[in-house]
2 protein chains.
Amino acid sequence: MASLSLLELRHLRTLAALDETGSVSRAAKRVHLTQSALSHQIKVLQNHYGLPILRRQGQSIELTEAGQHLVTLARKVLEEIQATERNLAKMSEHASGSLRIVLECHTCFDWLMPLMDAFRQNWPEVELDLVSGFHSDPVQLLEEGSADVVIGSEQIERRGVVHHPLFRFEILAVLAPEHPLRAKKILHARDFAGETLITYPVPEERIDLIRNVLKPAGVQPERRTAELTVAILQLVASRRGIAALPSWGLKNYVEHDYVIARRIGSQGLWSDLYVSTLAETATRPYLRDFLVTARNTCFATLDGIIPLKPADQ
Amino acid sequence: MASLSLLELRHLRTLAALDETGSVSRAAKRVHLTQSALSHQIKVLQNHYGLPILRRQGQSIELTEAGQHLVTLARKVLEEIQATERNLAKMSEHASGSLRIVLECHTCFDWLMPLMDAFRQNWPEVELDLVSGFHSDPVQLLEEGSADVVIGSEQIERRGVVHHPLFRFEILAVLAPEHPLRAKKILHARDFAGETLITYPVPEERIDLIRNVLKPAGVQPERRTAELTVAILQLVASRRGIAALPSWGLKNYVEHDYVIARRIGSQGLWSDLYVSTLAETATRPYLRDFLVTARNTCFATLDGIIPLKPADQ
DNA sequence: AGAGATTTATGAATTCTATTCATTAATATT
DNA sequence: AATATTAATGAATAGAATTCATAAATCTCT
């Protein structure tokens with residue numbers, strides 16, 4: 001198979017990202033390159049094929065017919081590659097074992113469930129489990145050997161433990177549509193004074209809003225807890241209080257005017273999500289595959305999240 | 001589609017070449033890189049997947065199971081890419097026109113026929129033809145506009161005309177199995193003295209053996225001509241004389257002991273094959289596709305040929 | 001309207017990495 | 001045994017992809 005083709009997988013990866021994000025700069029974040037790099041890549045391809053691949057449509061972009069062709073190719077090819085890489089992974093050592101997940105982030109259930117289903121299909125020989133209950137020191141579970149991965153927002157520095165960044169997300173304040181604060185575009189610490197805060201049943205220091213915003217400002221609202229995201233939203237909608245939740249989980253409820261969402265602070269309140277494992281576990285092929293598919297499904301499903309660069313890249 | 005995969009198409013192209021040639025150095029020639037470059041590529045892949053991709057088997061190599069997986073992937077992916085690149089090519093301008101081929105090299109019929117069939121399938125809108133008859137100045141046909149492509153062994157420097165190297169091949173002397181010269185491993189100019197040389201019906205200066213070997217040595221054997229390769233071989237087998245033909249066309253006949261083949265001169269007599277077109281024609285997408293598939297099929301079908309680096313690479 | 005924020009495009013500089021070069025060890029050929 | 005091939009490897013190089021700096025265009029919000 002002679003070349004005379006300068007096409008590389010890197011191009012296909014950007015094409016796919018371009019299609020998924022609909023913008024050069026968002027696509028750039030997705031593939032962990034600069035917007036400029038992608039712009040150059042596109043230019044090279046367009047020159048090579050003598051055809052425009054994307055058209056600038058006002059602020060954003062639109063793929064041309066040629067671009068669509070390439071995206072279709074990209075999808076097919078990248079999927080085939082992932083499939084054979086999985087096969088290769090299964091041929092290597094440590095191809096089986098257990099993946100017992102501790103979920104620190106309650107809202108993550110939303111995307112974790114379908115992910116686990118997909119993973120179970122691809123790795124039937126791996127023992128997949130969800131470790132339930134609250135744990136004051138989840139990383140310790142790794143060290144004890146009673147769990148394999150922790151999904152959470154903290155990078156607890158402990159030797160022998162590795163943190164794999166997943167994405168950055170925004171935490172929004174959630175109010176009933178009729179709430180007096182609805183007039184404000186942005187909520188600040190003092191706005192929470194006198195309100196009831198509805199949270200998951202976890203200690204204060206695990207709640208970003210309290211730890212990073214309210215506590216420093218000396219604001220201490222009442223608290224009320226609920227186990228499930230829907231329960232929290234129900235309480236908010238029935239005007240029992242305010243909640244603070246990741247933006248992605250709110251989309252549907254906001255669109256149906258069940259609740260309204262507001263930014264917290266002028267820059268917004270952001271948090272990073274990590275997958276933490278023992279260094280040893282990190283080398284396991286099925287763990288690497290889990291990470292890849294986790295990123296893929298999250299970027300595909302969740303709106304408004306920002307890719308974080310994997311440590312090993 | 002996140003990365004975490006360092007695999008690139010370049011690797012897949014190498015893998016395919018490795019499988020087809022069964023040796024690192026031959027594969028390197030095929031993809032126009034050094035043996036060292038491929039060795040490094042392989043090393044990187046092996047480290048990345050933690051699996052051996054090929055095993056050194058004495059002098060040559062053998063693909064491992066992992067290697068086979070990757071080769072299968074490579075085949076599929078590279079084919080899909082070529083398909084969509086063809087689609088893109090058809091969307092560009094100049095996607096149709098004519099491809100009238102002048103064949104200077106008679107033996108090339110062998111591989112040109114199946115190639116033309118394949119091409120006709122892929123480019124039904126291109127008028128494909130074979131320009132028959134002998135032409136003293138084939139390149140002139142290009143300039144006159146009565147042909148589009150010349151397949152031959154000479155790089156005639158003429159402005160506006162481009163030569164696309166295909167491959168280098170060896171010309172072997174062909175003898176009847178009982179011929180007295182059979183004892184010699186290598187034939188030299190003087191060995192041809194007193195023999196009858198059986199050739200295609202073309203002028204002396206078009207016959208490499210005469211021009212490059214016999215004439216310089218002052219040897220002038222008798223000549224007898226035949227139109228078809230089989231006819232020439234038939235004459236040789238029935239001891240009417242000696243012929244000089246490209247090695248690839250001889251394989252079957254030699255294996256069945258119909259004739260025997262001998263190297264000419266200690267280094268062998270080699271010739272390069274070019275596809276010549278007008279510079280303008282060279283940019284046509286269907287011409288580029290023709291070149292790519294020509295190289296592919298030749299390398300896949302013909303034994304003992306050496307890849308030549310395309311001018312535009 | 002105008003200021004500010006965000007988007008893509010582009011040329012130049014830089015960094016990175018794939019390839020070549022030079023060499024060795026191993027295997028095959030004569 | 002001598003010679004020619006083949007693959008592997010570390011260091012040097014060349015080349016190309018990416019970043020940086022910037023401009024032009026578009027959108028948003030007072």
Side-chain angles (χ1 to χ4, degrees), chain A residues 3 5-15 17-19 21-48 52-64 67 183-186 263 266-268 304 306 309 312-313, chain B residues 3 5-15 17-19 21-48 52-64 67 183-186 263 266-268 304 306 309 312-313:
Chain A
S3 63
S5 161
L6 90 188
L7 191 71
E8 280 295 342
L9 288 181
R10 142 175 51 96
H11 300 293
L12 295 184
R13 295 197 185 97
T14 33
L15 260 315
L18 280 170
D19 185 51
T21 61
S23 122
V24 180
S25 22
R26 275 197 298 274
K29 291 206 183 79
R30 192 69 71 86
V31 296
H32 306 295
L33 290 174
T34 17
Q35 166 268 125
S36 175
L38 292 223
S39 229
H40 283 292
Q41 282 191 5
I42 297 161
K43 198 183 176 189
V44 167
L45 285 183
Q46 295 189 143
N47 286 344
H48 182 249
I53 286 175
L54 48 83
R55 229 184 302 283
R56 199 171 161 170
Q57 198 72 330
Q59 185 94 252
S60 62
I61 54 141
E62 187 193 44
L63 287 165
T64 64
K184 309 197 72 173
K185 284 245 123 183
I186 293 172
R263 167 160 286 193
S266 57
Q267 301 304 311
I306 298 175
K309 194 159 186 169
D312 53 2
Q313 205 181 274
Chain B
S3 63
S5 162
L6 90 189
L7 192 71
E8 281 295 342
L9 289 181
R10 136 177 56 94
H11 300 294
L12 294 184
R13 296 196 184 99
T14 312
L15 260 315
L18 279 170
D19 185 52
T21 62
S23 122
V24 179
S25 20
R26 276 196 297 275
K29 290 205 183 81
R30 193 71 70 86
V31 296
H32 305 296
L33 291 174
T34 21
Q35 168 268 123
S36 175
L38 293 221
S39 230
H40 283 291
Q41 283 191 5
I42 297 162
K43 198 183 175 189
V44 167
L45 286 182
Q46 295 190 143
N47 285 344
H48 181 250
I53 286 174
L54 48 82
R55 228 185 303 282
R56 201 171 160 170
Q57 197 72 327
Q59 185 93 253
S60 62
I61 53 140
E62 187 194 44
L63 287 165
T64 63
K184 310 197 73 175
K185 285 245 122 182
I186 294 170
R263 167 159 284 194
S266 56
Q267 302 303 311
I306 297 174
K309 194 159 188 169
D312 53 4
Q313 205 182 276

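Chain letters run A, B, ... following the sequence lines, proteins first, then strands; residues in each count from 1.
- Atom CZ in A/R55 sits about 13 Å away from atom P in C/dA9, given to the nearest Å.
- Picking from D/dT18, C/dT8, D/dA7 the nucleotide with the shortest atom distance to the side chain of B/V24 gives D/dA7.
- Two residues are said to be in side-chain contact when any heavy atoms from C-beta on lie closer than 4.5 Å; A/R10 and B/E8 meet this criterion.
- Atoms CG (A/L33) and C1' (D/dC20) sit 14 Å apart, rounded to a whole Å.
- In this structure, B/I61 atom CD1 and D/dT5 atom P are separated by 19 Å, rounded to whole Å.
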**Study point:** Step-by-step side-chain contact (heavy atoms from CB on, under 4.5 Å) determination, A/I42 to A/L15
**Key:** CA-CA 9 Å; A/I42 297 161; A/L15 260 315; over 6 Å; no
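- Considering only side-chain N and O atoms, B/K43 lies under 4.0 angstrom from the phosphate OP1 or OP2 of D/dG10.
- For the pair A/L18/A/I53, no side-chain contact is recorded, criterion being any heavy-atom separation below 4.5 Å from C-beta on.
- A donor-acceptor contact shorter than 3.5 Å links the side chain of B/R26 to the backbone of B/T21.
- Minimum interatomic distance between B/S60 and B/G22 (heavy atoms only, all atoms of both residues): CB-O, 3.6 Å.
- Backbone-only engagement by A/S23 is indicated by non-hydrogen atom pairs under 4.0 Å involving sugar-phosphate atoms exclusively.
- Of the two residues contacting DNA chain D, namely B/I42 and A/L38, the nearest-nucleotide position lying further toward the 5' end is that of B/I42.
- The base of C/dT19 has none of its N or O atoms less than 3.5 Å from a complementary donor or acceptor on the side chain of B/H32.
- A 4.5 Å side-chain heavy-atom check between A/N47 and A/K43 finds at least one atom pair inside the cut-off.
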Study note, to complete from the structure: Per-nucleotide protein contact along nucleotides 21-30 of chain D, 5' to 3', at a 4.0 Å heavy-atom cut-off (B base, S sugar-phosphate only, - neither), is ----BBS---
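- Annotation for B/Q35 and B/A28: closest pair N-CB, 3.6 Å, computed over non-hydrogen atoms.
- The side chain of B/S39 lies closest to D/dA7 when the candidates are C/dA12, D/dA7, C/dT19.
- One can place CG of B/L9 at 16 Å from C1' of D/dA17, the figure rounded to the nearest angstrom.
- The side chain of A/L54 lies closest to C/dA9 when the candidates are C/dT7, C/dA9, D/dT6.
- Nucleic acid contact for A/S25: sugar-phosphate only, since backbone atoms but no base atoms lie under 4.0 Å from a heavy atom of the residue.
- Here C/dT8 presents its C1' atom at 13 Å from CZ of A/R26, a figure rounded to the nearest Å.
- In this structure, NE2 of A/H40 is placed 11 Å from C1' of C/dA13, rounded to the nearest angstrom.
- Comparing D/dT18, C/dT19, C/dT8 by their nearest atom to the side chain of B/A37 picks out C/dT19.
- Put simply, CD on B/E62 is 15 Å from C1' on D/dA7, counting in whole angstrom units.
- Atom pair B/Q41:CD and D/dT9:P shows a separation of 15 Å (rounding to whole Å applied).
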